[in-house]
Amino acid sequence: DTGVSQNPRHKITKRGQNVTFRCDPISEHNRLYWYRQTLGQGPEFLTYFQNEAQLEKSRLLSDRFSAERPKGSFSTLEIQRTEQGDSAMYLCASSSNDRGRVHGELFFGEGSRLTVL
Amino acid sequence: ILNVEQSPQSLHVQEGDSTNFTCSFPSSNFYALHWYRWETAKSPEALFVMTLNGDEKKKGRISATLNTKEGYSYLYIKGSQPEDSATYLCAFLNDYKLSFGAGTTVTVRA
């Protein structure tokens, strides 16, 4: 399977604990996105990488959230000192801007569902 | 934060009936509008990427139109089937990132 892979698929944690999610994008894609989706809402932009460079981070993202994409391949999203309001589906997506495909579609993973007790 | 609105929030359709729903978005600084289908327990999947005013795209029984001047897009499902049951998301492209609407959840009854 050469699609976008995310793990873990589900994570239940106690408030105050740290969690980390991993995303493996489609190998030739240079862009990688993290979105968060809560019940009744559409996916909300968190951050965006072009290769290994983090080009944008949502102002909605507190300092407890950090994302990395070492070597421009897989990415991790870490949430420190989790709060109940962090409970959500965390979606990763990748895309390619090769050959001028500026408007290219995103390819999503199946998401990592976080429940903070 | 860009305002992308979808309506209705949900709808129920009898198998074989056709339906449509709306996405509205800012009409200024338009680059592209995306439609995605998100089935339960699966990942969102792209249906259409629309870039030009007046664009009409079709994939099987699903089609979409785009009006960038007034800021809306319609998605149509012709002859709905149970496998069309999903949440349909539209997203407005701005500065290389997509701003999503809350989606329209379609349930097709057999």
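Here is the naming used below: chain letters follow the sequence lines, and residue numbers restart at 1 for every chain. Worth knowing before you read on, the calculation uses all heavy atoms, side chains too, and leaves out hydrogens, waters and symmetry mates.
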Evaluate the side-chain proximity of [Y] to [X]: yes if any heavy-atom separation is below 4.5 Å, no if none is.
X: B:Ser43; Y: A:Val4; result: no
X: B:Trp38; Y: A:Gln37; result: yes
X: B:Leu98; Y: A:Tyr33; result: no
X: B:Phe100; Y: A:Phe45; result: no

Measure [X] against the heavy atoms of chain B and call it side chain, backbone, both or neither at under 4.5 Å.
X: A:Gln50; result: neither
X: A:Leu91; result: side chain
X: A:Glu56; result: side chain

Are [Y] and [X] linked, directly or through intermediate hydrophobic residues, by side-chain heavy-atom contacts shorter than 4.5 Å (ILVMFWY only)?
X: B:Leu11; Y: B:Leu75; value: yes
X: B:Leu93; Y: A:Leu46; value: no
X: B:Val13; Y: B:Ile77; value: yes
X: A:Leu55; Y: B:Tyr31; value: yes
X: A:Tyr35; Y: A:Phe21; value: no

Applying a strict 4.5 Å limit to non-hydrogen atoms, the region of B:Phe48 in contact with chain A is neither

Which atoms of B:Ala91 are under 4.5 Å from chain A, going by heavy atoms: the side chain, the backbone, both sets, or neither? neither

So is B:Lys97 actually on top of A:Tyr48's ring, under 6.0 Å and inside 45° of the axis? no

Counting only heavy atoms from other residues, nucleotides and ligands, does the tally under 6.0 Å from [atom1] of [X] exceed 12?
X: A:Leu39; atom1: CG; answer: no
X: B:Gln9; atom1: CD; answer: no
X: A:Lys57; atom1: NZ; answer: yes

I'd like to verify something: which residue of B:Pro44, B:Gly103, B:Ala46 has the highest number of heavy-atom pairs under 4.5 Å with chain A? B:Pro44

Where B:Ala102 and A:Gly40 come nearest, the two heavy atoms and their spacing: CB-O, 3.6 Å

